[in-house]
Amino acid sequence: MKTVDILIVGAGITGITAASILAREKNKTVLIIEKRHHIGGNCYDCFNEDGILIHLYGPHIFHTQHKDVWDYLSQFTDWLDYVHHVKAFVDGKYISFPININTFEQLFEKSFTKDDVLAYLEQKKIDLPEIKNAEDMVISRMGKTIYDKFFKNYTRKQWGVDAKDLAPEITERIPIRFDRDERFFTDPYQGMPEKGYTELFKAMLDHENIQVITGKDYRDIKDQVKFDKMIYTGPVDEFFDYKYGYLPYRGINFSFKTYDQENCLPVAVVNYPNDHDYTRITEFKHMTFQQHYKTCLCYEYPAPAKAEKDEPVASYPVLDKKSLANYLKYKNETNKLINVDFIGRLGEFKYLNMDACVKNAIDLCG
Ligand SMILES: Cc1cc2nc3c(=O)[nH]c(=O)nc-3n(C[C@H](O)[C@H](O)[C@H](O)COP(=O)(O)OP(=O)(O)OC[C@H]3O[C@@H](n4cnc5c(N)ncnc54)[C@H](O)[C@@H]3O)c2cc1C
């Protein structure tokens with residue numbers, strides 16, 4: 001029987017941050033069990049067979065408003081000064097995204113001022129008595145033309161259903177900028193770990209109090225470990241044997257292709273709202289600044305919501321009335337367990353950016 005202070009399930013960014021804090025700042029012994037054969041969870045990156053650094057579960061760009069989060073990670077890595085840019089491929093052109101004054105100029109091929117954009121929106125927005133769904137949310141702010149060109153088909157591809165059948169919250173936070181700010185994220189701290197995420201995580205786990213076991217489901221070895229407390233970052237429904245039903249996720253499949261040329265795309269990520277089956281393509285070299293005579297592109301194909309009990313690998317939680325009601329039942333169960341904490345995207349059934357995962361781990365363990 002192995003004895004540790006803390007057992008952590010899952011070596012994603014949440015579990016790794018928790019382990020690092022507990023080992024270094026609380027002098028606890030920690031065992032992390034990870035069922036995949038690598039650390040890093042969905043933030044894992046690695047070199048492909050051509051030696052190009054790729055993100056195996058889709059592009060991950062670090063950005064945060066929280067100085068404590070940035071400072072914590074900066075103990076373990078330097079940062080590449082990368083500012084994320086995205087274009088949408090619309091009407092045969094690469095167009096600035098999120099929507100800003102440049103977007104209007106590129107789309108309509110004439111010059112716009114801030115007042116012109118405001119006048120356009122005032123004229124085109126559709127007054128609705130009630131915002132019932134994700135489509136209403138966009139057309140009531142931007143009108144049908146912008147909705148049709150940028151959001152309608154992208155949303156259908158992303159979620160597998162029409163925007164009319166999705167909650168308004170899904171499109172609530174789509175920004176429109178009345179300046180020419182082309183940055184995708186406006187957080188004061190953003191960048192890419194200098195040597196990649198996996199190297200950052202290795203540095204965080206490099207402590208005598210931390211042991212990591214990969215390639216093992218915690219359920220297969222939990223009876224062989226004695227611990228005071230568990231931090232569980234796996235799926236909360238799985239922990240309770242799906243007694244209130246499974247919590248649904250929308251999956252993504254990734255296809256990677258290497259090309260014999262230095263670059264293919266104008267920026268790191270291009271959205272394809274209206275063409276092809278994929279939603280977007282990432283060219284990693286724009287984010288990693290890697291010098292290589294070849295380049296690797298990642299194509300994202302949203303997949304049907306996960307089948308019951310399938311592992312929600314790279315996925316977004318489907319947050320609707322039914323799933324949120326079921327989650328609340330699980331949450332109630334978690335509150336009854338005094339020696340288990342549930343955090344992370346799967347433990348909390350929430351879309352969380354990486355910085356929120358780090359923040360939650362700092363708040364729980366710091
Ligand atoms: C396509 C995509 C792009 C994204 N891009 C960004 C971005 O640009 N910026 C950003 O900030 N965030 C981004 N995110 C969000 C980011 O991926 C998450 O914030 C982060 O991965 C969550 O980390 P986690 O540790 O909570 O979960 P995970 O990374 O999922 O880690 C949980 C780990 O637990 C393991 N596990 C589960 N069950 C068990 C078990 N029974 N036994 C042992 N191990 C188990 C899993 O294998 C997994 O490795 C993106 C997400 C997606 C889907």
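Just so you know, these numbers use all the heavy atoms, side chains as well, and skip hydrogens, waters and symmetry mates. Ligands are counted one by one from 1 in listed order, and the atoms in each one are counted from 1 as well.
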Go through the steps for Asp162 and Lys152 under the test salt bridge (Lys or Arg N to Asp or Glu O under 4.0 Å), then give the verdict.
-> CA-CA 8 Å; Asp162 206 276; Lys152 182 178 174 179; over 6 Å; no

Under 4.0 Å from one or more heavy atoms of Cys357, ligand 1 contributes atoms 19 (O), 22 (C), 23 (O), 26 (O)

Sorted by chain and residue number, the salt bridge (Lys or Arg N to Asp or Glu O under 4.0 Å) partners of Lys229 (sequence neighbours excluded) come out as Asp341

Look at Lys243 together with Asp237 and state whether they make a salt bridge at an N to O cut-off of under 4.0 Å.
-> no

Considering only heavy atoms of Lys216, which atoms of ligand 1 have at least one such atom less than 4.0 Å away?
-> 43 (C)

Atom 4 (C) of ligand 1: which of Met287, His60, Arg345 has the nearest heavy atom?
-> His60

Measuring from the heavy atoms of Ala356, does anything fall under 4.0 Å of ligand 1?
-> no

Any N or O of Gly40 closer than 3.5 Å to N or O of ligand 1 | no

Decide if the gap between the ring center of Phe349 and the ring center of Tyr330 is smaller than 6.0 angstrom.
-> no

Using the test salt bridge (Lys or Arg N to Asp or Glu O under 4.0 Å), find all partners of Asp277 that sit at least two apart in sequence or belong to another chain.
-> none

Given the side-chain rings of Tyr189 and Trp79, with only the six-membered ring counted for Trp, is the space between their centroids under 6.0 Å?
-> no

Does the ring center of Phe254 lie less than 6.0 Å from the ring center of Tyr57?
-> no

Counting from 1 in the order shown, the ligand 1 atoms closer than 4.0 Å to a non-hydrogen atom of Gly234 are 37 (C), 38 (N)

Heteroatom proximity flag, Cys43 to ligand 1, N/O under 3.5 Å = no

Does ligand 1 have an atom that lies less than 4.0 angstrom from a heavy atom of Tyr57?
-> yes

Between SG of Cys298 and CD1 of Ile54, what distance do you get to the nearest 0.5 Å?
-> 7.5 Å

Kindly confirm or rule out an N or O of Gly344 lying under 3.5 angstrom from an N or O of ligand 1.
-> no

Do any nitrogen or oxygen atoms of Lys35 come within less than 3.5 Å of a nitrogen or oxygen of ligand 1?
-> yes

Report yes or no: is the cationic atom of Lys257 (NZ for Lys, CZ for Arg) closer than 6.0 Å to the six-membered ring centre of Tyr299, at no more than 45° off its axis?
-> yes

Of the listed options (Thr17, Asp217, Ile221, Leu346), which comes nearest to atom 40 (C) of ligand 1 when hydrogens are ignored and any heavy atom counts?
-> Asp217

Side chain, backbone, both or neither: which part of Val9 comes within less than 4.0 Å of ligand 1 when only heavy atoms are counted?
-> side chain

Please answer whether the main-chain N or O of Asp355 pairs with a side-chain N or O of Asn353 as donor and acceptor at a distance below 3.5 Å.
-> no

Would you mind running through ligand 1 and noting each atom that sits below 4.0 Å from a heavy atom of Thr233?
-> 32 (C), 34 (O)

For Asn353 and ligand 1, does the shortest N/O to N/O distance drop below 3.5 Å?
-> yes

Could you tell me if any non-hydrogen atom of Tyr351 lies under 4.0 Å from any atom of ligand 1?
-> yes

May I ask you to say whether Glu105 pairs ionically with Arg180, meaning some side-chain N is under 4.0 Å from a carboxylate O?
-> yes

So is Glu238 close enough to ligand 1, meaning a heavy atom under 4.0 angstrom away?
-> yes

Nitrogen or oxygen of Glu300 less than 3.5 angstrom from that of ligand 1 | no

Electrostatic pair Asp136-Lys132, nearest N-O below 4.0 angstrom = no

Can an N or O of Met354 be found at a distance shorter than 3.5 Å from an N or O of ligand 1?
-> yes

Looking at ligand 1, does any of its N/O atoms fall within less than 3.5 Å of an N/O of Tyr218?
-> yes

Closest heavy-atom approach to atom 7 (C) of ligand 1 among Ile61, Ile252, Val358, Val269 is made by Ile61

Ile13 heavy atoms, cut-off 4.0 Å: which ligand 1 atoms fall inside?
-> 23 (O), 25 (O)

